[in-house]
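Have a look at the structure below before the remarks.
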Amino acid sequence: MTVRTRFAPSPTGYLHIGGLRTALYAYLFAKKNGGVFILRIEDTDQARYVEGAIEKIYSGLKLAGLNWDEGPDIGGDYGPYVQSERKDMYLPYAKQLVESGHAYYCFCTKDELEARRAEVEARGETFKYDKHCLHLDKDEVQRKLAEGHPYVIRQNIPESGEAGFDDVIYGRIDVDCSELDDTVLIKADGMPTYNFANVIDDHTMGITHVMRGNEYLSSTPKYNLLYEAFGWEKPVYIHLTPVMKDATRKLSKRYGDPGFEDLLAQGYLAEAIVNYVALVGWSPGDDREFFTMDELIEAFGIEGLSKSPAIFDEVKLRWMNAEYIRKLSPEDYIRHAEPHLAEADVAHMDKAILARILQPRTEIFTDITGMVDFLAKLDEDYSIDLFTNKKSKTNAEVCRDVLADVIPKLGALPDWTEECLHDFLIGYAAEHGMKNGTLLWPVRIAMSGRSVTPGGAIEIAALLGRDEAMRRLNFGLEKLSFSLV
RNA sequence: GGCCCCUUGGUCAAGCGGUCUAAGACACCGCCCUUUCACGGCGGUAACAGGAGUUCGAGUCUCCUAGGGGUCACCA
């Protein structure tokens, strides 16, 4: 039998990290088993529909490399793949359940229920629908339907006995039927609820393995009751733990946690995010941490899925992203870095040097601007304390003397290339019996106005070009001389 | 609150009754490399939530407690 999994988001916003991971696992499981991965849109709640959300789901999944085999945009043999377009399919199934006594019409209005709920909760008890409409006699139901009273269809849950299911990760889970409420299957607007639609759709679409967040753990017994009422074969259930922000909070948009595309915009690589997210709640069972999508497919297995929630660690994601960035070719690195170099106004400088000094230092691409903006413009207010460095044996006075002596010689250099600068400066230090640092420290500080820079004096000088480098050196010397008077 | 689920270092995690004086990674700390910072190399600190059982033997099985999560909608 062909494995068929699905990712079934509702179009209420962007693709969040938890959703990405659920989709990833469903995709990996399908591909691992030579199966089919399906995208289905669950939009039965028109009130929550967000414009453009479906497009964000499409683009997010594509960017992540999760290509679906069947879905709203590409079709398939089990379409349509949008629940609102399947609206007419659900009512007949619900009526079938009414016929068999597994469901019933309910005419209680929202207001009535609200009032009863408030009353019960005021007593500190949990509200549960009292099956009031189950006891309506047939004629009365027919009369109300004929009169056009609004109605919902509710699942008729047995008053006693047990309901349960087997989950691959959690094992057998049983619950007393008395704990279960008579869930609404068909809403007054004719739309099915999620609870009903997911069962009908999973069955009619031939889904073999249901992977979803474990917030559905407690309602799954009810779904199983539905499968039994229809006499359908049940899917294999695989409930996934949530991705957490910290020990007590789920990662969520409401608290401003970034979604997949936010992370991309922050300068994370899609491959790195996918790789990291795969490892949040799943382990290959060995030491490997770096995976291409194909390697993930090869390594994936439900045995490696975790039972307990996992905290999303952005620090580790940063590290992994940096690893991915370092593996980029210089050309690919520059391609990704380009917009940020432009933002810092240094895009006209030597790309090879920029790539060489920046690539090992970039954790996320948005770091770049802050690392190189000094190249475009020197902050002339830098403190002369920067010239003091113990390890390089420098202080303001030493730096003034060094600069005073070396500047004219730099100015007389025949070429202003890295090689030329390197040979001259290193040779100069050796000649004068000083540490490289004693010479290079003041040069770098004067050219950057920063204590920390990507690259050293030589690379910075080459990037700035002779004129600007000389200007900054002279400015630094003046600044030192002035303060030492 | 009822019901269900979870619990190995700060974080992700390996571990499926003996090989656990508990792996690996991130983070952190130290050292080395070095013209700053990174990169790279080497090393270090750090965990089986607590308590009862079962067993010759428990991180691994059972129960209880504690903590955390989920769910109790005409939302998904």
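A quick note: this is a predicted structure, and the numbers were derived from the prediction, not measured. As a basis for the values below, the full set of heavy atoms in this structure was taken, side chains included, without hydrogen atoms, waters or symmetry mates.
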Item to check | Nearest-angstrom distance, P atom, B:rG18 to B:rA66 | outcome: 32 Å
Checklist entry - Can you find an N or O donor on one side and an acceptor on the other, under 3.5 Å apart, linking the side chain of A:K316 with the base of B:rA27? => result no
Checklist entry - Separation of A:D287 atom CG from B:rA25 atom P, in whole Å? => result 7 Å
Checklist entry - Think A:K307 has a side-chain N or O under 4.0 angstrom from the OP1 or OP2 of B:rC6? => result yes
Next on the checklist: In this structure, how many angstroms lie between the C1' atom of B:rC28 and the CG atom of A:D313, rounded?
Outcome noted: 13 Å
Item to check | Any pair counted as salt bridge (charged side-chain N to carboxylate O under 4.0 Å, His left out), so long as it reaches residues 148-170 of chain A, sequence neighbours left out | outcome: A:D166-A:R172
Checklist entry - For every nucleotide of nucleotides 63-76 of chain B, 5' to 3': is a protein heavy atom under 4.0 Å from its base (B), only from its sugar-phosphate (S), or from neither (-)? => result -----SSSSBSBBB
Checklist entry - Does the pair A:D43/A:R48 count as a salt bridge with the N-to-O cut at 4.0 Å? => result no
Checklist outcome for this item: Checking A:D201, A:T44, A:T193, A:T204 against A:Y90 for side chain to side chain donor-acceptor pair (under 3.5 Å), the one that qualifies is A:D201
Next on the checklist: Output one letter per nucleotide in nucleotides 36-48 of chain B: B when a protein non-hydrogen atom lies under 4.0 Å from the base, S when only the sugar-phosphate is that close, - when neither is.
Outcome noted: BBBSS--------
Checklist entry - Atom CG of A:L305 to atom P of B:rC12: distance rounded to whole Å? => result 16 Å
Checklist entry - Between A:N156 and A:K131, does any side-chain donor sit less than 3.5 Å from a side-chain acceptor? => result yes
